[in-house]
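Following: one structure in structure tokens, then a few remarks.
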Number of protein chains: 2
Amino acid sequence: MTVDRDQVLRAAAVALTRKATSTMDEVAKAAGIGRATLHRHFAGREALVRALENLGIQEFEAALDAARLDEGPAGDALRRFIGEVEPVAGLLAFLVTENQLFEGEEMNDGWARLDGRVSALFRRGQEQGEFRIDLTPAWLTEALYGLIGSAAWAVQDGRVAAKDFQYMIAELLLGGARRSVEQ
Amino acid sequence: MTVDRDQVLRAAAVALTRKATSTMDEVAKAAGIGRATLHRHFAGREALVRALENLGIQEFEAALDAARLDEGPAGDALRRFIGEVEPVAGLLAFLVTENQLFEGEEMNDGWARLDGRVSALFRRGQEQGEFRIDLTPAWLTEALYGLIGSAAWAVQDGRVAAKDFQYMIAELLLGGARRSVEQ
DNA sequence: AATGGGTGAGACATCATTGTCTCATTCGGG
DNA sequence: CCCGAATGAGACAATGATGTCTCACCCATT
């Protein structure tokens, strides 16, 4: 009887990922509940998006933890992270394009923390001689986000196979398109 | 006196790139004209977005032409293209996220044509032994779009320098983050 | 079986945006 | 210099989404 808030959030994430301008009514239907109930759990659309933001940050952080970024070669850590982040890729793509989140001054500082951890991984890779130093950690971080979003979108659209998600992103980000002697 | 339609479109592109949900009133103000005039030139918001789509496709195609994709090494051609596409990167990022464009069946077939030309470049690079073959042309095309969008956003936000736009994208896409013997 | 909390459906007012219209003004070509 | 076309500002109705409320109903607990 009682609605599972977390389940509603995940359904909302799917609906909004598919169409960012979905109405509260569409979100409610996607979650299999009534619009009134949706409003009972989230004061409004704003609150819903904020809750999704928190969920996304939380899962992103969980993926970072599970990937153990500090252990082993930075490239391997990056591969682990991409594998862990795959289930949330669609939600993250939605949140990133929801640029109104980043307009106000009340920007969730969780993003900065996540950016910091990802940047730190790239920096570690550079300091240990594994990554090239002419591409800044900030850019590598942005690029990783962009590739994750692109891959999530391509998989959702059936242009690439879901099973290749981790491989495609990691190989492109680490090795690039150029054929090199190693590999 | 008479409004320059092309100039209005470019102003609209800037406004909508910055905030995808900008109202017609905001777009009009951004273009320095009245809302009534905006409606006189574009029958409605739908028509405006369609016009922007056509503009984006046209400029994208112009960038492809200017880059002479068939000439020389594929990597060099890609670099030229990235340089040429830089001025339209923001508009393209907006159009790609405006996924409602791709819901209806009346999807502008210009996108397929552009995708084809970009994919062909990657395929040529693979056939000539310049690019690795374990990453599909379709994925490399998606990745290129994603990186262009990420870079445009990062530059707009001041996280990376505008002058590095071409270099960052090309180096990452071609060579990847890993340090390799060549380079 | 009785009870109470949570829910779905719908009604309702409110609000923002859109699209259309009018009218005064202004700019440019003849 | 004058006339006409295009513009800006504002009024207006229509539309769609939002947020709130009521009420009947269902299910779980007691």
Side-chain angles (χ1 to χ4, degrees), chain A residues 1-56 91 94-95 97-106 108, chain B residues 1-56 91 94-95 97-106 108:
Chain A
M1 182 184 191
T2 300
V3 162
D4 180 358
R5 179 190 157 103
D6 210 63
Q7 179 184 337
V8 171
L9 267 184
R10 287 172 202 285
V14 172
L16 287 171
T17 296
R18 191 156 40 85
K19 181 155 87 79
T21 58
S22 296
T23 67
M24 293 294 274
D25 195 58
E26 291 172 315
V27 171
K29 278 189 171 51
I33 64 177
R35 193 166 66 95
T37 305
L38 182 59
H39 268 93
R40 282 188 195 102
H41 286 267
F42 304 98
R45 188 195 182 73
E46 171 84 10
L48 175 62
V49 174
R50 289 294 171 186
L52 281 175
E53 184 183 24
N54 288 329
L55 176 65
L91 175 57
F94 161 70
L95 291 174
T97 61
E98 194 78 352
N99 46 17
Q100 62 194 25
L101 288 175
F102 312 109
E103 305 202 309
E105 312 79 12
E106 71 282 1
N108 194 320
Chain B
M1 182 183 188
T2 301
V3 162
D4 179 357
R5 179 189 157 101
D6 210 64
Q7 179 183 338
V8 170
L9 268 184
R10 287 171 201 285
V14 171
L16 287 170
T17 296
R18 190 156 40 86
K19 182 156 85 79
T21 58
S22 296
T23 67
M24 293 294 275
D25 196 58
E26 292 171 314
V27 171
K29 278 188 170 51
I33 64 177
R35 193 167 66 94
T37 305
L38 181 60
H39 268 91
R40 284 188 193 100
H41 286 266
F42 304 97
R45 187 195 182 72
E46 171 84 11
L48 175 62
V49 174
R50 290 294 171 186
L52 281 175
E53 185 183 22
N54 288 329
L55 176 65
L91 174 57
F94 161 71
L95 291 174
T97 62
E98 194 78 353
N99 46 14
Q100 60 194 28
L101 288 175
F102 312 108
E103 306 201 310
E105 312 80 12
E106 71 281 3
N108 193 320

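Note that this is a predicted model, so its numbers are computed, not measured. In what follows, every chain begins at residue 1, and chains take the letters A, B, ... in the order their sequences are listed. These values consider heavy atoms only, across backbone and side chains, with no hydrogens, waters or symmetry-generated copies.
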Worksheet item: For C:dG6, does either OP1 or OP2 sit under 4.0 Å from a side-chain N or O belonging to A:H41?
Response: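 The answer is no; no side-chain N or O of A:H41 sits under 4.0 Å from OP1 or OP2.
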Worksheet item: Under 4.0 Å: is that the gap between some side-chain N or O of A:T37 and OP1 or OP2 of C:dT7?
Response: no
Using whole Å, report how far [atom1] of [X] lies from [atom2] of [N].
X     : N      : atom1 : atom2 : result
A:K29 : D:dT18 : NZ    : P     : 12 Å
A:F42 : D:dT20 : CZ    : P     : 15 Å
A:L48 : D:dG19 : CG    : C1'   : 14 Å

Fill in: Annotated protein contacts, base or backbone, on nucleotides 16-23 of chain C with a non-hydrogen cut-off under 4.0 Å, one of B, S, - each
-SBBBBB-
Worksheet item: Which heavy atom of A:A11 sits nearest a heavy atom of A:A30, and at what distance?
Response: CB-O, 4.0 Å
Below 4.5 Å, heavy atoms only, C-beta onward: do [X] and [Y] meet side chain to side chain?
X     : Y     : result
B:D25 : B:L38 : no
B:T23 : B:R35 : no
B:E53 : B:E98 : no
B:L9  : B:H41 : no

Item to complete: Identify which one of A:K19, A:R18, A:R45 satisfies the salt bridge (Lys or Arg N to Asp or Glu O under 4.0 Å) criterion when paired with A:E26.
Response: A:K19
